[in-house]
Number of protein chains: 2
Amino acid sequence: MSDDHDESTLGRIETEVALLMRFGEATRRATGTAEHRVLDRAAYVILRHLADAGPQNVSALAARLNLDGSTVTRQVSALQRDGLITRTPDPSDGRGTVISPTPAGLQRMAAVQAARTRLYGDMLADWSAEDRDTLAALLGRLNQALVNRNRR
Amino acid sequence: MSDDHDESTLGRIETEVALLMRFGEATRRATGTAEHRVLDRAAYVILRHLADAGPQNVSALAARLNLDGSTVTRQVSALQRDGLITRTPDPSDGRGTVISPTPAGLQRMAAVQAARTRLYGDMLADWSAEDRDTLAALLGRLNQALVNRNRR
DNA sequence: GATAAGTACCTGTACGATACAGCTATCTGA
DNA sequence: TCAGATAGCTGTATCGTACAGGTACTTATC
């Protein structure tokens, strides 16, 4: 008897995720181009990951971000052109290149991150702290579930 | 005193949403191309909205989906080419075109929707019904907050 | 009821993000 | 040592999207 209920909940989740992606995309487009500039592309995600996980190879980035190596290569090239990362030869592997964020890159990333966080703060202004916590936790679990599924 | 806590919660939400968009995109790419074919593009979102809200104009679709009119025009053209929607002149406005889903379109959409719902069912297999409900509800509120913010 | 202003849609064009295929340089194991 | 694997880059293609401009139609004003 609870199957019907479950089905519809899954449907709602599917709907809401699709909507979120739609709106998130639009928001990224709007905020990325308008105020902060330059950090438009997937650049933000790459810089974030570099800041979190430290300097690393193109391949490692590609694997972690679920992107093709060639995509990361191009993004990284753009970031280098803008002085936000540096490429250095991997000392332990002549084929590899280690990508490190520059101070400017970290700063730029932090600024965008702060702006986004502020945005969420505005949007969720009337939410209780508890609801925010719950949302963060459930989203984390959802992402974990996504990762696990992709890994299979 | 709770400000620090709030800050970090907002940061987590920001992180998780960014991650979700990244993985969601990858998932869409993977499931869209592999099994169901044809319904790759924003086509799915358009068909869903037509199924939910009934036949409507290009402009209405564009406004609702947060897309440029030209984008919707092209998506709709592709959908028409594939026999998934029909265009009829708006009887009440000679400039307008009413977009209606065809049975084939509805069927295709339902198939993709079912596949996605199944996917979520798999991923969230070990979640309690309560957690699923809560996730659906909070995502709904988050989207509502996003819509409100865009409207401002 | 004529005409100016607005609206709906389409088309041309451009761009960003991405993937896949193929290349070169380098590494590694038998 | 050398055959196969791997790291990264480049060429090319595709998709989704936006913006600018055009045409046809509608609405409001006088």
Side-chain angles (χ1 to χ4, degrees), chain A residues 18 21-34 36-47 55-82 85-100, chain B residues 18 21-34 37-47 55-82 85-99:
Chain A
M21 302 233 303
R22 193 90 276 309
F23 282 117
E25 186 59 24
T27 302
R28 183 189 63 74
R29 212 172 290 277
T31 56
T33 335
H36 321 296
R37 210 83 181 92
V38 182
L39 216 48
D40 342 4
R41 43 193 113 250
Y44 175 61
V45 192
I46 290 181
L47 276 174
Q56 60 200 281
N57 284 341
V58 172
S59 314
L61 278 172
R64 191 62 166 266
L65 302 176
N66 235 313
L67 289 172
D68 191 83
S70 65
T71 301
V72 174
T73 292
R74 282 172 233 268
Q75 301 282 7
V76 159
S77 297
L79 284 167
Q80 186 179 31
R81 172 175 43 68
D82 296 340
I85 61 99
T86 57
R87 278 177 164 114
T88 52
D90 187 333
S92 72
D93 186 338
R95 297 163 299 179
T97 311
V98 177
I99 314 299
S100 314
Chain B
M21 302 231 303
R22 194 91 277 307
F23 284 117
E25 186 59 24
T27 301
R28 183 188 64 73
R29 212 173 289 277
T31 56
T33 333
R37 211 79 181 91
V38 182
L39 216 49
D40 342 5
R41 43 194 115 251
Y44 176 60
V45 192
I46 290 180
L47 275 174
Q56 59 200 283
N57 283 345
V58 171
S59 315
L61 277 172
R64 190 59 166 269
L65 303 177
N66 237 309
L67 290 171
D68 191 84
S70 66
T71 300
V72 175
T73 292
R74 282 173 236 269
Q75 300 283 6
V76 159
S77 297
L79 284 167
Q80 187 180 33
R81 171 174 45 68
D82 296 339
I85 60 99
T86 56
R87 279 175 162 115
T88 50
D90 187 335
S92 72
D93 185 339
R95 297 163 300 177
T97 311
V98 177
I99 314 298

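Protein chains get the first letters and strands the later ones, always in sequence-line order, with residue 1 at the start of each.
With rounding to whole Å, B:Leu61 atom CG is found 13 Å from C:dA8 atom C1'. Atom OH in A:Tyr44 sits about 19 Å away from atom C1' in C:dG16, given to the nearest Å. A:Gln56 has its CD atom 10 Å from the P atom of D:dG8, to the nearest Å. Atom CD in B:Gln75 sits roughly 10 Å away from atom P in D:dC15 (whole-Å rounding). If you measure from atom CG of B:Asn66 to atom C1' of D:dT17, you get 12 Å, rounded to the nearest angstrom. For the pair B:Arg64 CZ and C:dA8 P, the interatomic distance rounds to 16 Å; values are reported in whole Å. If you measure from atom CZ of A:Arg87 to atom P of D:dA7, you get 16 Å, rounded to the nearest angstrom.
Listed pair A:Thr73 / D:dC9 meets the phosphate criterion, a side-chain N or O lying under 4.0 Å from OP1 or OP2. Contact annotation: B:Thr71 side-chain N/O to D:dA18 OP1/OP2 distance is under 4.0 Å.
Among all heavy-atom pairs drawn from B:Arg87 and B:Ser77, the shortest one is NH2-OG, 3.1 Å. Scanning both residues, A:Ala43 and A:Leu79, for their nearest heavy atoms gives CB-CD2, 3.6 Å.
Checked against side-chain contact (heavy atoms from CB on, under 4.5 Å), A:Ala63 has no partners two or more places apart in sequence or in another chain. Checked against side-chain contact (heavy atoms from CB on, under 4.5 Å), A:Asn57 has the following partners two or more places apart in sequence or in another chain: A:Ala60, A:Asp90, A:Val98.
Mapping A:Leu67 and B:Gly69 onto DNA chain C by nearest heavy atom places B:Gly69 at the nucleotide closer to the 5' end.
When the options B:Leu67, B:Thr71, B:Ile99 are evaluated for a side-chain contact (heavy atoms from CB on, under 4.5 Å) with B:Val58, the one that passes is B:Ile99.
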Letter per nucleotide, 5' to 3', of nucleotides 21-30 of chain C [B base touched, S only sugar-phosphate touched, - untouched; heavy atoms, 4.0 Å]: ----BBS---
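To the nearest 0.5 Å, the span separating OG1 on A:Thr97 from CD on A:Gln80 amounts to 9.5 Å.
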